[in-house]
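Everything below concerns the one structure shown next.
Below, chain A is the first sequence line, B the second, and so on; all start at residue 1.
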2 protein chains.
Amino acid sequence: MHEVSIGEAAKLSGVKAPTIRFYEEIGLLPRPARTGANRRLFADDDLRRLAFIRHCRELGFHLDAIRALLKLQDNPKQPCDTADAIAKERLGEVELRLRSLKALRGELKRMIDSCSHGHVSQCRVIEILADHAKCMHPTH
Amino acid sequence: MHEVSIGEAAKLSGVKAPTIRFYEEIGLLPRPARTGANRRLFADDDLRRLAFIRHCRELGFHLDAIRALLKLQDNPKQPCDTADAIAKERLGEVELRLRSLKALRGELKRMIDSCSHGHVSQCRVIEILADHAKCMHPTH
DNA sequence: TTAGATGCTCTAGTAACTAGAGGAGCAAAA
DNA sequence: TTTTGCTCCTCTAGTTACTAGAGCATCTAA
C-alpha cells in the first residue's frame, strides 16, 4: 500500500507538515489513515491531491477556487466549464495585477531616478509620496 | 485651526474611518485631539500624514516601510539614503512579482487554450494542475 | 423632540498559513 | 537497556492590513 508519514509526505509534495495538517483541518484533504500511535499515514491518492493543491497555489489560486477544482476532479463526468471559468477568472486577476504593477514600477523608477541623495528635506521620493499631485501613476 | 471629524478626514484622505483608527492604534498616526465628547479632531498635519500613508499603500509599501519613511519625514535633516533604499527594495519586489506574474499568465493561457470543453476527465486544465510535469511554468 | 447619521470602544473575523508549548513515540547508539 | 535526538501529536496564538458588528453615546436637522 506504500503509505508515508507526514514528514515524508511533506518532502514528496513540497507542502510543509503544518500546512498539510491545516489543509486537513479545513477539509481540503480527507482525513488520512492513522497508525496505532495516532500518526497520519498518507496514501498515493492523498499525495496526488496534495500535489494538485500545491500546483494550484503556485499558480496563485485561492483555496476556495482549489476547493471547487478538487470537487470537479472528484466528479470526472461533469462538463469542465467550471474549471475553465476558474482558470479564466484567475487569468483576469493576473492580467489586472500585471497592468497595475507595470504602472507602479514606472512610478517607483521615476521616484528613485529623481532622488539626488541629499537630505530628506529635499528628497524627491518623500516629496512624491507626500504629495499625490506630483505622482504620475496613472491609475490612482 | 480647521479641524475635522474622522468622517471628514476619511472623505478628504480616502482612508476609511476604521482604518484611520487602526493606524492610530498601531502608532502610525499620532493620537489626534479630542472634543469634549471624546470625538477625534484631525488637524492639517494629521491629514497630510494620512495622505502620505495612503499614497504609500497605493504603491504597495508595507506598513513597516511606511513607518520608516514617516520617521524620516519627521527628521528632515537626515540623509535620504534610507528613503531611497526603501523605494529601491519595493522596486525590486515589484520587478520580481512582474516576472513571476508574466510566467503565470503564459501558463494560464496555455492551460485555457488547450481546454476542449468536454468532460472533466479529459480536461487539460485539471490535468495540468494535477501533474506538474505537464506544466511549462519556468520558475517552479 | 425625535429620527437618522455619526461617533465611540471592544471583540472577533478574514486569508493562508507559521510558530511555539508541552507532551508522546520511535530508531539507533552507547 | 537506557538514553539521545528526531519526528509526531494537539492546541493556542501570532502574522498582515484591515473589516464587520455589537452596544452605546452624541450630534444634526426636521
Side-chain angles (χ1 to χ4, degrees), chain A residues 3-29 31-43 46 49-50 52-70 86 89-90 93 97 100 140, chain B residues 3-29 31-43 46-47 49-70 86 89-90 93 97 100 140:
Chain A
E3 291 184 313
V4 298
S5 72
I6 196 167
E8 206 54 31
K11 252 177 239 157
L12 290 170
S13 68
V15 180
K16 290 180 200 153
T19 306
I20 296 177
R21 289 193 199 99
F22 169 72
Y23 287 160
E24 179 189 334
E25 194 184 304
I26 64 169
L28 221 54
L29 277 180
R31 299 197 185 172
R34 299 274 183 148
T35 68
N38 199 32
R39 299 184 165 206
R40 288 172 180 81
L41 281 179
F42 295 88
D46 299 317
R49 207 171 173 90
L50 214 41
F52 184 90
I53 297 172
R54 194 207 164 183
H55 198 194
C56 288
R57 287 296 297 139
E58 280 172 347
L59 296 177
F61 287 90
H62 290 300
L63 292 187
D64 269 3
I66 299 177
R67 204 185 291 275
L69 290 168
L70 283 168
I86 291 172
E89 200 194 323
R90 177 78 193 118
E93 285 167 21
R97 192 92 187 98
S100 139
H140 68 251
Chain B
E3 291 182 314
V4 300
S5 72
I6 196 167
E8 206 55 32
K11 252 178 240 157
L12 291 170
S13 69
V15 180
K16 290 180 200 152
T19 306
I20 296 177
R21 289 195 200 98
F22 168 73
Y23 287 159
E24 179 188 334
E25 194 184 304
I26 62 168
L28 221 54
L29 277 179
R31 300 197 182 171
R34 300 273 183 148
T35 69
N38 199 33
R39 299 186 162 204
R40 288 171 180 81
L41 282 179
F42 295 88
D46 299 315
L47 294 176
R49 205 170 174 94
L50 215 39
F52 184 91
I53 296 172
R54 193 206 165 185
H55 197 196
C56 288
R57 286 297 295 138
E58 279 171 347
L59 296 177
F61 288 90
H62 290 302
L63 292 187
D64 268 5
I66 300 177
R67 205 185 290 275
L69 288 168
L70 282 168
I86 291 170
E89 199 194 323
R90 177 79 193 117
E93 284 166 21
R97 193 92 187 99
S100 139
H140 68 254

For this session: Start with the C-alpha distance between A:Leu69 and A:Phe52, add both sets of side-chain angles, then the distance that settles side chain to side chain contact (heavy atoms under 4.5 Å, CB included), and finish with yes or no.
Result: CA-CA 9 Å; A:Leu69 290 168; A:Phe52 184 90; 3.9 Å; yes

For this session: Take A:Arg67 and A:Leu70, measure what side chain to side chain contact (heavy atoms under 4.5 Å, CB included) needs, and give me the verdict at the end.
Result: CA-CA 5 Å; A:Arg67 204 185 291 275; A:Leu70 283 168; 5.7 Å; no

For this session: Using the side chain to side chain contact (heavy atoms under 4.5 Å, CB included) rule, take A:Arg57 and A:Ile53 through it: C-alpha gap first, then chi angles, then the decisive distance, then the call.
Result: CA-CA 6 Å; A:Arg57 287 296 297 139; A:Ile53 297 172; 4.3 Å; yes

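Phosphate proximity of D:dA17 to B:His62: present, with a side-chain N or O under 4.0 Å from OP1 or OP2. For the OP1/OP2 pair of D:dC8 and a distance below 4.0 Å, the side-chain nitrogens and oxygens of A:Arg40 include no atom meeting the criterion.
Distance alone, capped at 3.5 Å, places no donor-acceptor pair between the A:Arg90 side chain and the A:Ala65 backbone.
Interatomic distance, A:Glu3 CD to A:Arg39 CZ, rounded to the nearest 0.5 Å: 15.0 Å. Taken to the nearest 0.5 Å, the CZ atom of A:Arg49 stands 12.5 Å off from the CZ atom of A:Phe42.
The nucleotide range of DNA chain C contacted by chain B, defined by atoms under 4.0 angstrom from heavy atoms of the protein and reported 5' to 3', is C:dT6 to C:dT9.
With a 4.5 Å cut-off on side-chain heavy atoms, A:His55 and A:Leu59 count as touching. Counting heavy atoms from C-beta on, the side chains of B:Arg40 and B:Pro32 come closer than 4.5 Å. In this structure, the side chains of A:Phe22 and A:Leu63 come closer than 4.5 Å at one or more pairs of heavy atoms.
Atom pair B:Phe61:CZ and D:dA17:P shows a separation of 13 Å (rounding to whole Å applied). Put simply, CD1 on B:Ile26 is 15 Å from C1' on D:dG14, counting in whole angstrom units. Rounding to whole angstrom units, CZ of residue A:Arg31 and C1' of D:dT10 are separated by 13 Å.
Using a cut-off of 4.0 Å between Lys/Arg side-chain N and Asp/Glu carboxylate O, A:Glu24 and A:Arg21 are scored as not salt-bridged.
Here B:Tyr23 lies in heavy-atom contact (under 4.0 Å) with sugar-phosphate atoms only.
A side chain to side chain contact (heavy atoms under 4.5 Å, CB included) with A:Ile6 holds for exactly one of A:Ile20, A:Val15, A:Leu41; it is A:Ile20.
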Review item, nucleotides 24-30 of chain D N/O atoms under 3.5 Å of protein N/O:
residue	atom	partner	partner atom	Å
D:dT26	O2	B:Arg39	NH2	3.3

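Proximity of residues 4-22 of chain A to DNA chain C (heavy atom under 4.0 angstrom from any strand atom) is restricted to A:Lys16, A:Thr19, A:Phe22.
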